[in-house]
Amino acid sequence: MILIVGAGFSGTVFAVNLLRHLDAAPVDIYLVERGPDLGRGIAYARRSFPFLLNVPAARLSADPNDPLQFLRFAQRLRPEVGAEDFLPREIYGDYLGDLLEEARKEARNSTLHVVKDEVVDIRRAGKGALSVHFANRESLRAAAVVLASGNPPASWLAWADRLKDHPAVRDNPWELPADIGKDHTVFIVGNGLTMADVAMALGSKPDNTPLMLSMSRRGLLPQPQTEFRSLSLDGHGERLLAASHSLRRLLRVSREIADEVQREGGDWREAVTHMRAFVPQLWQKLPLSERARFLRHVQPHWDTHRHRLPPEVARRVRELRERGRLKVHAGRVQSAVAQGQKLRISWQSRGAKHMHSALVDYAINASGPDYVLERSREPLIHSLRAQGLIAGDALRLGIRTSPESACIDTFGQTSSNLYYVGPLLRAEHWEATAATELRDHAVRLARQLSERLRAVQPV
């Protein structure tokens with residue numbers, strides 16, 4: 001029996017491919033999801049506001065052998081959809097759910113069992129098995145377990161530590177008070193994609209938009225997406241790999257490639273897309289000290305150019321700023337003090353000595369996922385770490401894994417039956433948060449486990 005923890009993007013795509021590839025003796029596949037729907041997770045959940053995907057429909061197939069699969073699915077629902085359209089995220093959740101149901105029906109020997117519960121503990125059992133414990137049902141024994149958790153929640157705001165129970169502090173950016181309106185002031189922590197989602201939701205009623213103050217250390221906003229054409233970039237990969245021993249040299253070569261693309265009439269975004277294919281190799285070749293330097297100095301700039309806004313969202317953010325309803329700041333919060341039902345937040349601007357303060361009705365944590373295992377809020381992560389079954393990397397980016405996605409324990413040993421697929425693979429690959437990369441990891445692991453099971457079956 002193979003058990004999958006999590007039925008968001010990674011868990012669903014892995015399950016789909018496992019069902020397709022398993023053609024030996026019958027195998028029971030248990031897919032465990034604590035949320036209400038399969039194939040959604042946080043990213044593709046049904047919400048009152050239609051948050052948009054930040055990748056065009058023609059580039060989001062969950063099947064690497066059928067690049068336009070998602071586009072065709074979307075066109076069945078909305079015939080007017082074009083290849084370059086940025087669609088509501090919940091449609092993608094519908095698509096993943098449809099893929100899973102189709103794979104379940106077509107499975108020849110394997111059976112998919114869906115468990116609606118939360119896995120709170122996994123322990124070693126006899127004969128190389130793992131014992132999986134749930135919040136609300138009896139435990140199960142599995143020959144292999146695949147952890148497929150999605151993006152972790154944001155870290156708790158240190159300056160709000162004494163205000164956890166204050167009604168103005170909102171730790172979940174997806175659950176906003178319905179009564180926020182033009183007479184309110186909202187402080188948003190973070191200037192990335194999550195902030196843009198919050199701004200879109202709060203600014204959806206032009207005549208009732210609150211004043212929004214957003215803040216990050218550098219004040220950088222994600223760049224907008226554009227409809228760019230694909231260019232031939234053959235040969236540039238070798239240039240990047242040759243420069244991978246030095247971050248400084250790697251940056252210089254990357255800028256040269258982007259400049260060359262633009263001189264040929266292209267778009268720097270195509271250069272970034274091309275570089276993504278080489279990022280795991282580059283990351284693994286970079287010395288640890290150079291990786292740390294990247295995180296200190298380059299990551300915010302890479303993130304704003306790599307994780308871009310759909311054109312409509314970029315336009316709405318720009319309009320909100322022009323209307324004065326969204327004010328973007330660079331700096332650090334120094335203190336937050338309760339004043340009745342409100343908060344007095346004080347901050348120091350980047351590069352300045354003087355302080356600013358504002359009385360706000362709400363403070364919303366939109367700082368993005370926190371990948372540091374030590375700060376995880378998940379009981380399962382705490383249990384696995386306490387037993388030494390998983391370990392974080394030296395830079396605290398995620399879970400240490402082998403090239404085959406097997407978990408590496410605290411003693412440096414590679415597990416024979418505990419695997420991980422999801423954004424925490426960034427510890428080893430860095431580029432492991434977008435659908436394309438996660439899809440490839442899930443497909444690869446499904447094939448590996450299928451071949452392994454096939455090899456042990458009697459002829």
Side-chain angles (χ1 to χ4, degrees), residues 8-21 38-41 43-44 52-106 148 150 224-237 261 266-281 306-312 405 421-423 425 429 431-448 450:
F9 177 88
S10 296
T12 299
V13 174
F14 173 76
V16 166
N17 281 274
L18 198 60
L19 287 165
R20 287 175 177 171
H21 291 297
L38 302 180
R40 296 194 178 276
Y44 312 119
L52 299 181
L53 296 161
N54 63 347
V55 178
R59 304 183 189 188
L60 267 176
S61 174
D63 187 343
N65 298 315
D66 188 357
L68 299 181
Q69 185 184 72
F70 172 59
L71 176 61
R72 292 197 307 273
F73 175 86
Q75 288 173 336
R76 292 204 302 269
L77 301 178
R78 302 183 179 186
E80 74 281 5
V81 166
E84 294 299 316
D85 288 350
F86 295 81
L87 302 178
R89 292 180 206 161
E90 69 174 49
I91 291 180
Y92 201 75
D94 295 337
Y95 161 67
L96 294 174
D98 185 75
L99 284 183
L100 184 64
E101 180 60 20
E102 183 179 325
R104 184 190 66 78
K105 291 178 179 177
E106 294 178 353
Q225 289 276 31
T226 58
E227 186 175 340
F228 55 84
R229 64 191 178 97
S230 295
L231 297 176
S232 175
L233 298 176
D234 293 342
H236 290 311
V261 167
D267 191 314
W268 60 261
R269 294 163 181 81
E270 182 61 23
V272 172
T273 299
H274 178 69
M275 292 175 196
R276 280 172 50 191
F278 297 93
V279 165
Q281 290 174 270
R306 162 67 186 86
H307 303 288
R308 303 185 290 271
L309 292 172
E312 180 182 340
S405 296
V421 60
L425 286 172
H429 304 273
E431 193 61 33
T433 55
T436 302
E437 286 80 23
L438 292 175
R439 174 200 69 191
D440 292 346
H441 285 297
V443 170
R444 192 179 304 115
L445 178 58
R447 288 174 177 165
Q448 290 168 355
S450 300

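Along the sequence shown, the residues carry numbers beginning at 1. Keep in mind it's a predicted model, so treat the numbers as computed, not measured.
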S.K.: Once ring pair (Phe, Tyr, Trp, His ring centres under 6.0 Å) is applied, do any residues pair with F86, and if so which ones, sequence neighbours excluded?
M.R.: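 None.
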
S.K.: Could you tell me the separation between the CD atom of E270 and the OG1 atom of T226, rounded to the nearest 0.5 Å?
M.R.: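 Here the rounded value is 9.5 Å.
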
S.K.: Is there a salt bridge (charged side-chain N to carboxylate O under 4.0 Å, His left out) between R78 and D85 once you walk through the steps?
M.R.: CA-CA 11 Å; R78 302 183 179 186; D85 288 350; over 6 Å; no

S.K.: Okay, side chain of Q75, backbone of V81: is any donor-acceptor separation there less than 3.5 Å?
M.R.: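 Side chain of Q75 to backbone of V81, a donor-acceptor pair under 3.5 Å: yes, one is there.
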
S.K.: Please report the shortest heavy-atom distance between Y92 and L60, naming the atom on each side.
M.R.: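 Smallest heavy-atom distance, with atoms named: OH-O, 2.7 Å.
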
S.K.: Taking the basic N atoms (NZ, or NE/NH1/NH2) and the acidic carboxylate oxygens, is any pair closer than 4.0 Å for E102 and K105?
M.R.: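 K105 and E102: not salt-bridged.
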
S.K.: Any idea how Y95 and F73 line up, ring-wise: parallel (<30°), tilted (30 to 60°), or perpendicular (>60°)?
M.R.: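 It falls in the tilted class, 30° to 60°.
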
S.K.: What's the separation between atom CZ in F70 and atom CG in D98, rounded to the nearest 0.5 Å?
M.R.: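 Here the interatomic distance stands at 11.5 Å.
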
S.K.: So does E437 get a backbone contact from the side chain of E431, meaning a donor-acceptor N/O pair under 3.5 Å?
M.R.: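 It does not hold such a pair.
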
S.K.: Specify the closest pair of heavy atoms between T12 and G8, including all atoms of both residues, with the distance to one decimal.
M.R.: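 Residues T12 and G8, closest heavy atoms: OG1-O, 2.7 Å.
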
S.K.: Look at the side chain of R40 and the backbone N and O of L96, then say whether any donor-acceptor pair between them is shorter than 3.5 Å.
M.R.: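 No, the answer is negative, given that no donor and acceptor are paired below the 3.5 Å cut-off.
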
S.K.: Taking all non-hydrogen atoms of both residues, which atom of R276 and which atom of A434 are closest, and how far apart?
M.R.: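 Here R276 and A434 meet closest at NH2-CB, 3.9 Å.
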
S.K.: Show your working on side chain to side chain contact (heavy atoms under 4.5 Å, CB included) between S61 and L68 and close with a plain yes or no.
M.R.: CA-CA 6 Å; S61 174; L68 299 181; over 6 Å; no

S.K.: Is the side chain of R439 donor-acceptor paired with the backbone N or O of V13 at a distance under 3.5 Å, no angle test?
M.R.: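 A pair under 3.5 Å: no.
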
S.K.: Considering non-hydrogen atoms only, spot the tightest contact between L100 and A15 and give its length.
M.R.: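 Minimum heavy-atom separation between L100 and A15: CD1-CB, 4.0 Å.
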
S.K.: For the residue pair L87 and A74, what are the closest heavy atoms and their distance?
M.R.: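 For L87 versus A74, the nearest heavy atoms are CD1-CB, 3.5 Å.
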
S.K.: Please report the interatomic distance CG(D63) to CG(L99), rounded to the nearest 0.5 Å.
M.R.: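 So the gap between those two atoms works out to 8.0 Å.
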
S.K.: Taking atom CG of L425 and atom CG of L438, what is their separation to the nearest 0.5 Å?
M.R.: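 L425 atom CG to L438 atom CG measures 7.5 Å (nearest 0.5 Å).
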
